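What follows is a short report on a single structure.
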Amino acid sequence: MTISAEPIIYGLIFIGVLVLVEGLYLTVFGRSISLNSRVNRRLDMLDKSGNREEVMETLRKEMQQHLKARKIPLYSILSTKAQKAAIAFSPKQLIMLMIGLSVLAFLGLSVGTSTSLPVRGLVSAVMGVGGVFTWINMKAGKRMAMLEEQLPDAIELMVRSLKVGHPFTSAIQIVASEVADPLGTEFGVLSDEAAYGRDIGEALKDMAERLDMQDMRFLAVAVTIQQQSGGNLAEILAGLAKVIRARFRLFRRVKAITAEAKWSGKFLSGFPILALIGIQLLEPNYYDEAMEHPWFIPAALIVGTFLILNLIVMRALVNIKV
């Protein structure tokens, strides 16, 4: 029995692409860019430069650059996720990174495998683009989950600050100083914008739209209504924090209930691919005769399309809005 090492090489090269992207990112921007840092990035940048206006402009540019690049061909599929992940790489740098990783993957496939040139070129392009997209998607998912989890605590911190007599801008500044990333830096930019004269309600609304967070929209609406009609903002925010926590608990419950269906869909879509890899490892020549049939490639494309549709349909069925 002969075991082919090529599928293993493909997997190792793809993992290497992901590790290389993360390594380059941390090397270029330092450990402060990591969400695991105890001190939020804005405070770290202020400690190094001391120029508040320069730090604010740098962070604002990073936060808005991906949405402005939606018109770039093919990059539009990455822009929304890159925006939510707050990737500090510019769109041009990400495109160059995808090209460079595709070239490295092509060299790795050329050295480690004996597949034909067109196949190596296609697979390397998929690895370069797919690796960057996978990395951005993981970053965005982790960051948005942390933002949703941090927001109720931040609102309660603002409530305590308002109850002792601080103005709302000072409450936001306290959150920016005391809360870790990613919410600390977001509120830090918000605090700086308010200090330079921007309307706090408008800034909150823009942040909510940029992050596409429903709870942040609730906060922006509550602050805007209080600015226009008055009222006890501390009580309003305290009630909002309770609502957000209740929604968060309900969301976790729904997530637990639908977990089985999600994994069933992933398993049903991934099992044929895993079976194919297993057959190739155990018997590399098993599909040689089938591959020579003229209908092999169209059939493979149809099967792949159905597998992708299965994932989309299963995800839509269990994507319950809370």
Side-chain angles (χ1 to χ4, degrees), residues 6-29 33-35 62-144 210 212 265-266 269-270 272-274 276-277 280 297-298 300-312 314-316:
E6 290 192 2
I8 300 175
I9 293 174
Y10 290 151
L12 291 176
I13 291 176
F14 185 73
I15 294 172
V17 167
L18 294 177
V19 173
L20 183 59
V21 175
E22 181 70 14
L24 287 173
Y25 193 60
L26 294 179
T27 301
V28 173
F29 297 103
I33 200 76
S34 174
L35 294 179
E62 290 179 2
M63 290 174 178
Q64 298 172 0
Q65 62 184 348
H66 298 289
L67 289 181
K68 293 180 179 179
R70 283 180 172 177
K71 296 181 180 179
I72 299 177
L74 299 179
Y75 187 77
S76 58
I77 61 176
L78 294 174
S79 61
T80 302
K81 289 291 185 181
Q83 187 67 41
K84 291 182 179 181
I87 300 298
F89 279 139
S90 68
K92 291 182 179 179
Q93 289 173 330
L94 282 176
I95 293 173
M96 292 175 62
L97 186 61
M98 286 188 285
I99 295 173
L101 291 173
S102 298
V103 173
L104 289 176
F106 180 80
L107 293 175
L109 291 173
S110 299
V111 173
T113 66
S114 58
T115 53
S116 61
L117 182 62
V119 174
R120 290 202 306 271
L122 178 62
V123 173
S124 60
V126 171
M127 284 187 176
V129 177
V132 173
F133 181 79
T134 302
W135 174 72
I136 291 176
N137 194 47
M138 291 189 299
K139 285 277 186 182
K142 180 181 178 180
R143 188 170 185 269
M144 294 306 297
R210 174 168 47 80
D212 192 21
K266 292 177 181 179
S269 296
I273 299 175
L274 294 176
L276 177 63
I277 294 173
Q280 284 295 105
I297 294 179
L301 293 174
I302 292 173
V303 171
T305 302
F306 276 114
L307 291 176
I308 295 173
L309 286 175
N310 178 62
L311 276 176
I312 295 173
M314 291 295 294
R315 186 177 181 84

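None of the values given here were measured: they were computed from a predicted structure.
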Salt bridge (charged side-chain N to carboxylate O under 4.0 Å, His left out) pairs, two or more places apart, involving residues 129-138: none

Salt bridge (charged side-chain N to carboxylate O under 4.0 Å, His left out): pairs with one or both residues in residues 82-93, sequence neighbours excluded: K84-D212

Heavy-atom closest contact (R120 atom, S110 atom, distance): NE-OG, 3.1 Å

Value rounded to 0.5 Å, distance of OH in Y25 from CG in L97: 11.5 Å

Pair K139-E22, side-chain contact (heavy atoms from CB on, under 4.5 Å): steps then yes or no: CA-CA 10 Å; K139 285 277 186 182; E22 181 70 14; 3.2 Å; yes

For P91 against H66, the heavy-atom pair lying closest together: CG-ND1, 4.1 Å

Nearest non-hydrogen partners of V17 and G131, listed with the distance: CG1-CA, 4.0 Å

Intermediate values then yes/no, side-chain contact (heavy atoms from CB on, under 4.5 Å), L107 and V111: CA-CA 6 Å; L107 293 175; V111 173; 5.5 Å; no

Ring geometry between W135 and F89 (parallel below 30°, tilted from 30 to 60°, perpendicular above 60°): tilted

Separation of L101 CG from L18 CG (nearest 0.5 Å): 9.0 Å

M96, CE atom: more than 12 neighbouring heavy atoms under 6.0 Å: no

Gap between atom CD1 of I87 and atom CD of Q65 - 0.5 Å precision: 9.5 Å

F106 side, atom CZ; L117 side, atom CG - distance, nearest 0.5 Å: 5.0 Å

Distance (rounded to the nearest 0.5 Å) between T80 OG1 and N137 CG: 11.5 Å

Minimum heavy-atom distance G128-S102, with the two atoms named: CA-OG, 3.4 Å

Rounded distance (nearest 0.5 Å) linking atom NZ of K81 with atom CZ of R143: 13.0 Å

